[in-house]
Amino acid sequence: MTRKTEPRNAVSPAPAVPKDPEAVVDKVRERYGKIATGELSGCSPAAAAPDAPAGGGCCGTAETATSLQIGYGRSDLAVVPDGANLGLGCGAPVALLELKPGETVLDLGSGAGVDVFLAAGQVGPTGRVFGVDMTPEMIERARANATQGGFTNVEFRAGRLEALPLADSSVDAVTSNCVINLVPDKGRVFREIARVLRPGGRLVISDIVLDGALPAAIARDLLAYVGCVAGALDRIHYFGLLETAGLRSLRIFKDIDYLAAARYTFSDELGATRRRAAVRDEDLAGRVRSITYGARKG
């Protein structure tokens with residue numbers, strides 16, 4: 001009896017929830033813990049692209065270059081504490097939230113706090129901004145950054161995005177920057193967003209989605225998942241989960257080819273997987289999208 005083999009560059013849709021979701025969670029926590037402590041670079045692939053701004057490259061001083069390339073302004077970066085910007089995002093969603101003084105905001109996967117601090121400046125002393133992250137090292141670093149920057153209207157809470165440590169109908173606006181793609185059960189995240197938002201509350205999120213299936217070798221690779229690529233859902237499925245959770249009035253602010261913008265630059269580990277499976281640039285072209293979108297509850 002012969003075993004049927006899969007072509008080396010066959011495509012396979014990423015599953016809605018991985019077979020072992022907790023293994024993914026553990027790997028994500030491990031990687032981002034190392035980024036928080038400086039053992040790994042946090043810059044996105046865009047910083048390593050040949051046309052990245054001066055000072056780029058995924059080592060050294062790439063964080064500022066990465067952030068400028070994905071949409072932050074120099075004035076944004078000037079008001080956040082040193083060490084808050086780790087170059088981890090794929091967009092600049094806070095500027096599109098149109099925050100008002102006195103509002104309460106939640107940042108999902110807040111990392112070292114860059115978007116929390118930007119939002120805090122916009123809601124002012126009468127407002128409040130919460131950051132939720134599951135990585136202890138990130139929470140510790142974010143709290144230290146808040147103390148360093150003198151921010152009194154922010155709070156960083158440890159927790160999972162699938163079970164947010166906030167009360168029902170307690171926030172006016174939610175943001176997140178390239179984090180939901182890392183969560184195995186995205187439907188639960190969207191339901192939690194709907195739970196904590198007040199009626200009519202809004203969100204602006206930057207994330208990764210797929211337009212077409214990934215090559216099977218990439219879709220199966222845990223490092224690709226942790227690196228934002230294999231964890232992404234098909235666009236239609238992703239936004240279907242959003243709508244099912246009661247988050248509607250979808251508006252797309254940005255939609256670009258994530259890998260093309262990075263000139264198909266990968267980590268060493270993922271690059272090795274790609275070479276072994278003979279995955280070409282053409283096999284990935286247009287499939288992995290960096291999007292920034294908005295929606296409302298109800």
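This structure is a prediction, so every number in the text was calculated from the model and none was measured.
- The stretch residues 289-298 participates, sequence neighbours left out, in these salt bridge (Lys or Arg N to Asp or Glu O under 4.0 Å) pairs: D255-R289.
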Check the pair L214 / L284 against side-chain contact (heavy atoms from CB on, under 4.5 Å), numbers first and verdict last.
CA-CA 7 Å; L214 291 170; L284 298 168; 4.2 Å; yes
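- Nearest heavy-atom pair across E103 and D172 is CA-OD2, 3.4 Å.
- Counting heavy-atom neighbours within 6.0 Å of I236 CD1, excluding the residue itself, gives a total of 12 or less.
- With respect to the salt-bridge test (charged N to carboxylate O, under 4.0 angstrom), the residues R287 and D211 do not qualify.
- Note that CE of M134 is 11.0 Å distant from CD1 of I139, once rounded to the nearest 0.5 Å.
- Counting heavy atoms from C-beta on, the side chains of L106 and V132 come closer than 4.5 Å.
- One hydrophobic cluster, built from ILVMFWY side chains closer than 4.5 Å, cannot hold both F253 and I256; they sit in different ones.
- We find the CG-CG distance between D107 and D115 to be 5.0 Å, quoted to the nearest 0.5 Å.
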Show me the donor-acceptor pairs, under 3.5 Å and distance only, between side chains in residues 120-129 and residues at least two apart or in other chains.
{"from": "T126", "atom 1": "OG1", "to": "G102", "atom 2": "N", "distance (Å)": "3.3"}
{"from": "R128", "atom 1": "NH1", "to": "T152", "atom 2": "O", "distance (Å)": "3.1"}
{"from": "R128", "atom 1": "NH2", "to": "E155", "atom 2": "OE1", "distance (Å)": "3.3"}

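- At least one side-chain heavy atom of Y72 sits under 4.5 Å from a side-chain heavy atom of L118.
- Among pairs with a residue in residues 136-148, none fulfils side chain to side chain donor-acceptor pair (under 3.5 Å), at least two apart in sequence or across chains.
- Expressed to the nearest 0.5 Å, how far CG of L108 lies from CG of N177 amounts to 11.0 Å.
- By the salt bridge (Lys or Arg N to Asp or Glu O under 4.0 Å) test, R248 is found to be paired with no residue, residues two or more places apart in sequence or in another chain being considered.
- Note that the CZ atom of R235 and the NE2 atom of H237 stand 14.5 Å from one another [nearest 0.5 Å].
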Taking it one step at a time, do R198 and T104 satisfy side-chain contact (heavy atoms from CB on, under 4.5 Å)?
CA-CA 10 Å; R198 293 178 175 131; T104 301; 4.1 Å; yes
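- From L197, atom CG reaches atom OG of S169 across 8.5 Å, with rounding to the nearest 0.5 Å.
- Contact annotation: the side chain of L203 approaches that of I193 to within less than 4.5 Å [non-hydrogen atoms, C-beta and beyond].
- The backbone N or O of L161 sits nowhere less than 3.5 Å from a side-chain atom of E192 that would complete a donor-acceptor pair.
- Looking at L242 and K186, their side chains never come closer than 4.5 Å, going by heavy atoms from C-beta outward.
- The minimum heavy-atom distance between S206 and G91, with the atom names listed, is OG-CA, 3.4 Å.
- Minimum heavy-atom separation, L166 to R195: O-NH1, 2.9 Å.
- Here the side chains of S290 and I208 are in contact, with some heavy-atom distance below 4.5 Å.
- The main-chain N or O of A173 is never found under 3.5 Å from a side-chain atom of R202 such that the two would form a donor-acceptor pair.
- Residue pairs that meet the ring pair (Phe, Tyr, Trp, His ring centres under 6.0 Å) test with at least one member in residues 133-176, sequence neighbours left out, are F117-F151, F117-F156.
- V25 and L182 end up in the same hydrophobic cluster when Ile, Leu, Val, Met, Phe, Trp and Tyr side chains are linked at under 4.5 Å.
- The shortest side-chain heavy-atom distance between I35 and M138 falls under the 4.5 Å cut-off.
- For the pair G109 and V179, the tightest heavy-atom approach, listed with the atom from each and the gap, is O-CG2, 3.6 Å.
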I205 vs T292, test: side-chain contact (heavy atoms from CB on, under 4.5 Å). Steps then yes/no.
CA-CA 6 Å; I205 288 171; T292 298; over 6 Å; no
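- The ring pair (Phe, Tyr, Trp, His ring centres under 6.0 Å) contacts involving residues 157-213 comprise F190-Y238, where partners must be two or more places apart or lie in separate chains.
- Judged purely by atom type and a 3.5 angstrom limit, D133 uses its side chain to pair as donor or acceptor with the backbone of G111.
- D257 approaches A260 most closely through the heavy-atom pair OD1-N, 3.0 Å.
- Residues A217 and T273 come closest through the heavy atom pair O-CG2, 3.9 Å.
- Within the 4.5 Å cutoff, side-chain heavy atoms of L241 are placed close to those of L233.
- Within the 4.5 Å cutoff, the side chain of T135 has no heavy atoms near those of the E30 side chain.
- Remark: side-chain polar atoms of T244 are paired, donor with acceptor, to backbone N or O of G240 under 3.5 angstrom.
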Mind running side-chain contact (heavy atoms from CB on, under 4.5 Å) on V171 and V105 for me, showing each step along the way?
CA-CA 6 Å; V171 302; V105 185; over 6 Å; no
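- The local environment of CZ in R251 is sparse, with at most 12 non-hydrogen atoms from other residues, nucleotides or ligands closer than 6.0 Å.
- L88 CG to N85 CG: the interatomic distance, rounded to the nearest 0.5 Å, is 8.0 Å.
- Between R29 and E22, no side-chain nitrogen of the basic residue sits less than 4.0 Å from a carboxylate oxygen of the acidic one, so the salt-bridge criterion is not met.
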